[in-house]
Student: 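Here you go, one structure.
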2 protein chains.
Amino acid sequence: MLYNQCDMFTSSEENYLKAIYHLSSLTEKGVSTNAIAKKLDTKASSVTDMVKKLADKNVLIYQKYQGVNLTIEGKKIAAVIIRKHRLWEVFLVEKLNFNWDEVHDVAEQLEHIKSPKLIDEIDALLGFPTVDPHGDPIPNKEGDITIRKKVKLSALKENEETVLLAVKDSSDNFLRYLNKKKIAIGNTIKVINIEPFDNSVLVQINDIELLITNEVAENLLVKESHTI
Amino acid sequence: MLYNQCDMFTSSEENYLKAIYHLSSLTEKGVSTNAIAKKLDTKASSVTDMVKKLADKNVLIYQKYQGVNLTIEGKKIAAVIIRKHRLWEVFLVEKLNFNWDEVHDVAEQLEHIKSPKLIDEIDALLGFPTVDPHGDPIPNKEGDITIRKKVKLSALKENEETVLLAVKDSSDNFLRYLNKKKIAIGNTIKVINIEPFDNSVLVQINDIELLITNEVAENLLVKESHTI
DNA sequence: AATTATTTTTAGACATATCTAAAAATAATT
DNA sequence: AATTATTTTTAGATATGTCTAAAAATAATT
Ligand SMILES: [Mn+2]
Ligand SMILES: [Mn+2]
Ligand SMILES: [Mn+2]
Ligand SMILES: [Mn+2]
């Protein structure tokens, strides 16, 4: 059965490719059925079915019980969907007055719109951005990503100064916490003091001293520091 | 079976509602199964199935062999989808450099995006437009449409002057014909001469005299004329 | 009014994407 | 190494949306 050999994928197939792409960066081995199921909030049996179909389409390699690995082609398709997702997120924030904690669900829908011209024009309208509102890099049209070196704020030492580049956790709750504390991408952050007992950090952001827990510091990705 | 009583419709259901809405304006009686099938490029049997489902959801009235009629609720839902379609078309033309003959297929996809905030912000970004790139009116949030009085150019008499408000036929071929002849919405059109033999019309548009066939004149909708 | 043609509906099938429950394979413990 | 636990796959079912072919209802002709 070799019908439908055109490079068209359903929204569901695209979501699987994207999920597997993201999970691949977390492990050396193949991505497990269970991990995919958890990420997509579905059942392992559904994943097995879909994974077989995607293997038939040559976008991933599947071996029973051994998890899956994307092919070059599969990686490219996934990256292009991620490109669309992140460009739409920038659009929503820059042009439509969305907050960074409101964009994800809409971008999940918009990323599946099929139009050769649409996303290129959005890209141009936005001035060819390189990162999305959460600081995540935007792949180019070929699916290549340039990764900026980032470290967790929790890895810094006292008196080090840096810039907030991205958030590790993009959940609505965490983003809204940052809104409340007026912490935003691009802010300069200086580590004033680290409390040895619970690893909470006293930082200076926007000329204001602020105490953040270690959990927060673990989820803020900053430019590799240079002591001043 | 009363599950899923929330006002959420699938893309397919939305397409049926939209098709029926458009077909309703062409007939006094109920919209026939065959007409819907033709419009949506599907089979009559598929229409019967879907129409039963939509009747269960109270968005239309269905009586075997008698065609369907939208309920108030159904009309509103259809109008809101048409609103989204037309706002996206304006967006594509005004903000993303699309030509008016390139927007329809993308708008067919974008109209199904679910987001309370998205379409309102697009509306605001565009300055609350009242017509789409083809001159068709944009319903408001409640689904109300203000219809401008329009007449076919072919109904005008010699020496009458008017303004092009909309096109009746929005097919790519017709729109590209208009592009080629530099005829655009808003242009002033004066009827110079009507040839009795074939009803072809010599018009003046943009200070240029141009001969158009009756078929073209039938598809150009203009402001009701006043002899000058 | 009876026949013919057209439209519409029903019956049954198929593709996609999902699920539950049970079986099989792999991994972890004793 | 044998047992137990976990993960993964298979088998079979369900929901959506579509199709074809045949039956039923309606409309048009003779
Ligand atoms: Mn996102
Ligand atoms: Mn993001
Ligand atoms: Mn359109
Ligand atoms: Mn239009």
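Proteins come first, then strands; the chains are lettered A, B, ... in the order of their sequence lines, and each starts at number 1.
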Student: Between dT7(C) atom P and Lys38(B) atom NZ, what is the distance in whole Å?
Tutor: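 Atom NZ in Lys38(B) sits about 10 Å away from atom P in dT7(C).
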Student: Atom CD1 of Ile36(B) to atom P of dT18(D): distance rounded to whole Å?
Tutor: 12 Å
Student: Using OP1 and OP2 only, check whether a side-chain N or O of Lys43(A) sits under 4.0 Å from dT20(C).
Tutor: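 Yes, such a contact exists.
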Student: Within this structure, what is the CG-to-P distance between Asp49(B) and dC19(D), rounded to whole angstrom?
Tutor: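 Going from CG in Asp49(B) over to P in dC19(D) covers 10 Å.
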Student: Below 4.0 angstrom, N of the basic side chain to O of the carboxylate: do Glu142(A) and Arg83(A) qualify?
Tutor: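 No, this pair does not count.
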Student: Specify the separation, in whole Å, of atom CD of Gln66(A) and atom C1' of dT9(D).
Tutor: 13 Å
Student: Once you apply a heavy-atom cut-off of 4.0 Å, does Ser46(B) come out as touching a base, just sugar-phosphate, or nothing?
Tutor: base
Student: State whether a side-chain donor-acceptor pair under 3.5 Å links Ser32(A) with Asn34(A).
Tutor: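 The criterion, which ignores hydrogens and geometry beyond distance, is not satisfied for Asn34(A) and Ser32(A).
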Student: Considering just the side-chain nitrogens and oxygens of Ser32(B), establish if one lies under 4.0 Å of OP1 or OP2 belonging to dT7(C).
Tutor: no
Student: Name the nucleic acid region contacted by Ser45(B), choosing base, sugar-phosphate or nothing; use a 4.0 angstrom heavy-atom cut-off, strictly under.
Tutor: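 Ser45(B): base contact, heavy atoms under 4.0 Å.
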Student: Taking side chain as C-beta onward, heavy atoms only, is Phe98(A) less than 4.5 Å from Leu118(B)?
Tutor: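 A side-chain contact exists here, since the closest heavy-atom pair is under 4.5 Å.
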Student: Expressed in angstrom and rounded to an integer, what is the separation of Gln63(A) atom CD from dT7(D) atom C1'?
Tutor: 17 Å
Student: Name the residue from Glu94(B), Glu89(B), Lys95(B) that meets the side-chain contact (heavy atoms from CB on, under 4.5 Å) definition with Phe91(B).
Tutor: Lys95(B)
Student: Counting only side-chain nitrogens and oxygens, does Lys52(A) get under 4.0 Å of the OP1 or OP2 atom of dT9(D)?
Tutor: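 For dT9(D), OP1/OP2 do not have a side-chain N/O of Lys52(A) under 4.0 Å.
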Student: With respect to the phosphate group of dT8(C), does any side-chain polar atom (N or O) of Tyr62(B) fall under 4.0 Å of OP1 or OP2?
Tutor: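 Tyr62(B) to dT8(C) OP1/OP2: no side-chain N or O under 4.0 Å.
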Student: If the cut-off is 4.0 Å, is Ser12(A) near the phosphate of dT16(C), judged by side-chain N/O to OP1 or OP2?
Tutor: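 Checking Ser12(A) against dT16(C): no side-chain N or O falls below 4.0 Å of OP1 or OP2.
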Student: Distance check needed: dT16(C) P versus Leu54(A) CG, whole Å only.
Tutor: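 Roughly 12 Å, once rounded to whole Å.
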Student: Does dT6(D) have OP1 or OP2 under 4.0 Å away from a side-chain N or O of Asn34(A)?
Tutor: no
Student: Give the rounded distance in Å between these two atoms: NZ of Lys64(B) and P of dT26(D).
Tutor: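 From Lys64(B) NZ to dT26(D) P: 10 Å.
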Student: Consider side-chain contact (heavy atoms from CB on, under 4.5 Å). Of Ile122(A), Val106(A), Val103(A), which one does Trp88(A) pass it with?
Tutor: Ile122(A)
Student: Tell me if the centroids of the rings in His85(B) and His104(B) come within less than 6.0 Å of each other.
Tutor: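 Ring-ring flag for His85(B)/His104(B): true, centres closer than 6.0 Å.
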Student: Nearest-nucleotide wise, let me know which of Tyr65(A) and Ala35(B) is further upstream toward the 5' end of DNA chain C.
Tutor: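 With Ala35(B) and Tyr65(A) compared, the 5'-side residue is Ala35(B).
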Student: Between dT26(C) atom P and Lys29(A) atom NZ, what is the distance in whole Å?
Tutor: 14 Å
Student: Just to be sure I follow the notation: if a pair is Watson-Crick (purine N1 to pyrimidine N3 plus N6-O4 or O6-N4) or a G-U wobble (N1-O2 and O6-N3), each under 3.5 Å, what dot-bracket string does DNA chain C give, with | for pairs to another strand?
Tutor: ||||||||||||||||||||||||||||||
Student: Should the pair Lys57(A) and Phe9(A) be classed as cation-pi, given the thresholds of under 6.0 Å to the six-membered ring centre and 45° from the axis?
Tutor: yes
